[in-house]
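The next block holds one structure in the form of structure tokens; read it before the comments.
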Amino acid sequence: MFDRLEDLLIRYEEVMGELQEPDVANDPERFRKLMKEQSDLGPIVEAFKEYKQCKQNIEDSLAMLDEESDEEMRELAKEELNESKARVEELEQELKILLLPKDPNDDKNVIVEIRAGAGGDEAALFAAEVYRMYVHYAEGRRWRIEMISLNENGIGGFKECVFMITGQGAYSRLKYESGVHRVQRVPETESGGRIHTSTITVAIMPEAEEVDVVIDDKDIRIDVMRASGNGGQCVNTTDSAVRLTHYPTGIVIYSQTEKSQLQNKDKAFRLLRSKLYELELEKQQASEAEARRSQIGTGDRSEKIRTYNFPQGRVTDHRIKLTLHKLDTIMNGDLDEIIDSLIAADQTAKLAKMNEE
């Protein structure tokens, strides 16, 4: 591990040197790659430099204890020695985590797909609430939200909702949200006051660039039609809605949220690329089944991941057995405690896997 850290330290100095070169700003692609590498290496290098400093402090403290007879100075040296030893242990763990293989999709934007499952109108109403939960979370991190397609049920619920979240590290934090979300509460439509259980599914897909997925024109049928749904200018008056059919997979994408046919077509292709990219990722994950089993779930849509119990005001994440009695704040987008716990559990599982090897 330490040989690798020394190599990374050398590479970091090289990158910093290249960024100082006068002609680097004239090559935007090279500049972007260097800045990205500097950003990725920075936390590792800082932790490693602190680690080396703590190791030096331990040596200096031991030397002082050998040479010093003054009791007060010896006490100071012992204190410094204990603090540095404790910090070295912490930093070793931090460095192991920082050196874990990084998910190449972590920096990507995400496309979120929410579908009502079991529970009819109540599931659709909860789907709309979960959509708002993610919107609040994204806004808190200054990420941008853009609706791609929406199918409402007429009473404020969403049968299906697809939207994009654009922002630094969006996938790295939201990827743990894929799966079945279960709600337990008394529906507004229920007169007898009985608690019902409904479900929705959430799929988190990394946005695929054109270089990630190549779509052959002959594999696609494009239909244009009048947008349908609630009124508004241009809805039902122009052929602005776009439907894509991808023959090899049978995937059908429908986009009508924009007034312009070109904009709807662009959104539909972005969603199709991400769906095809996700299919490719699933194939890779299936071939690495053992590795997947050692990780916290980040993709299986059939996995029941979380329960929102309204009468008890609690949210339980079943993968890490975490229960929080703060349902109101979570539904308002306060997801960091859950997500941070999932990331920590995932890192611990990966470290254990590495130690086994």
Side-chain angles (χ1 to χ4, degrees), residues 28-44 97-114 130-131 133-149 161-179 201-215 244 246 249 251 253 255 257 263 266-288 291-292 295-301 305 333 335-336 338-340 342-343 346-347 350:
E29 183 61 20
R30 183 183 168 217
F31 182 72
R32 188 185 65 78
K33 282 182 178 174
L34 287 169
M35 288 299 291
K36 171 82 170 60
E37 196 174 356
Q38 181 207 19
S39 168
D40 289 344
L41 289 174
I44 301 173
I97 289 169
L98 287 167
L99 288 174
L100 283 172
K102 198 165 181 261
D103 185 334
N105 295 310
D106 273 355
D107 290 329
K108 289 183 184 283
N109 303 322
V110 296
I111 290 177
V112 185
E113 186 178 78
I114 302 174
V130 168
Y131 162 73
M133 176 180 82
Y134 290 134
V135 167
H136 289 314
Y137 181 68
E139 287 172 347
R141 299 187 80 86
R142 292 184 167 77
W143 293 340
R144 194 162 58 85
I145 301 102
E146 183 183 356
M147 187 65 80
I148 293 177
S149 75
C161 169
V162 184
F163 59 102
M164 185 164 185
I165 296 179
T166 305
Q168 182 65 38
Y171 185 75
S172 71
R173 295 195 66 78
L174 290 174
K175 62 184 175 182
Y176 302 98
E177 294 300 297
S178 279
T201 58
V202 174
I204 304 288
M205 297 169 278
E207 184 197 15
E209 308 291 330
E210 288 188 42
V211 293
D212 295 326
V213 177
V214 177
I215 299 172
L244 298 183
H246 186 248
T249 59
I251 292 172
I253 306 289
S255 179
T257 55
Q263 287 174 312
D266 177 57
K267 280 188 174 183
F269 266 100
R270 278 154 71 188
L271 178 53
L272 177 61
R273 272 198 300 273
S274 292
K275 279 184 175 277
L276 294 173
Y277 186 56
E278 190 197 25
L279 283 175
E280 197 52 46
L281 287 179
E282 282 174 4
K283 279 186 205 164
Q284 287 173 21
Q285 288 168 351
S287 66
E288 301 159 6
R292 284 282 292 127
Q295 294 174 26
I296 301 300
T298 58
D300 185 354
R301 295 189 201 188
I305 63 165
L335 287 166
D336 276 332
I338 295 177
I339 291 172
D340 288 342
L342 286 161
I343 290 170
D346 195 24
Q347 289 170 342
K350 286 176 182 169

Does any N or O in the side chain of [X] come within less than 3.5 Å of the main-chain N or O of [Y], such that one atom is a donor and the other an acceptor?
X: Ser39; Y: Met35; result: no
X: Ser274; Y: Ala208; result: yes
X: Asn109; Y: Gly167; result: yes
X: Ser178; Y: Ile204; result: yes
X: Lys275; Y: Met205; result: no

- Query: Run the side chain to side chain contact (heavy atoms under 4.5 Å, CB included) check on Leu279 and Ile251 step by step: do they pass?
  - Reply: CA-CA 11 Å; Leu279 283 175; Ile251 292 172; 3.9 Å; yes
- Message: Using the rule given for side-chain hydrogen bond (donor to acceptor under 3.5 Å, both in side chains), can you reason through Tyr171 versus Asp103, listing the C-alpha separation, both sets of side-chain angles and the distance that settles it, and then say yes or no?
- Response: CA-CA 10 Å; Tyr171 185 75; Asp103 185 334; 4.6 Å; no
- Message: Tell me whether Arg141 is salt-bridged to Asp336, with the criterion being a basic N under 4.0 Å from an acidic carboxylate O.
- Response: yes
- Salt bridge Arg270-Asp266, side-chain N to carboxylate O under 4.0 Å: yes
Answer yes or no: is there a side-chain heavy-atom contact under 4.5 Å between [X] and [Y]?
X: Tyr277; Y: Asn105; value: yes
X: Ser149; Y: Lys267; value: no
X: Lys350; Y: Ile97; value: no
X: Lys102; Y: Asp106; value: yes
X: Ile338; Y: Tyr176; value: no
X: Val112; Y: Met164; value: no
X: His246; Y: Leu272; value: yes
X: Trp143; Y: Thr166; value: no

Sort out for me which residue in [options] forms a side chain to side chain contact (heavy atoms under 4.5 Å, CB included) with [X].
X: Arg173; options: Leu335, Asp340, Leu342; value: Asp340
X: Ile114; options: Val130, Val162, Thr201; value: Val130
X: Phe163; options: Ile145, Ile148, Val110, Leu271; value: Ile145

- Should we say atom NZ of Lys33 is surrounded by more than 12 heavy atoms from elsewhere, each under 6.0 Å from it? no
- Note on the structure: Closest heavy-atom pair, Ile165 versus Ala170, reported as atoms and distance to 0.1 Å, is O-CB, 4.2 Å
- Step by step, work out the side chain to side chain contact (heavy atoms under 4.5 Å, CB included) result for Leu276 and Glu280. CA-CA 6 Å; Leu276 294 173; Glu280 197 52 46; over 6 Å; no
- Query: Taking it one step at a time, do Tyr134 and Glu177 satisfy side-chain hydrogen bond (donor to acceptor under 3.5 Å, both in side chains)?
  - Reply: CA-CA 10 Å; Tyr134 290 134; Glu177 294 300 297; 2.7 Å; yes
- What do the steps show when you test Tyr131 against Met147 for side chain to side chain contact (heavy atoms under 4.5 Å, CB included), and what is the final call? CA-CA 11 Å; Tyr131 162 73; Met147 187 65 80; 3.6 Å; yes
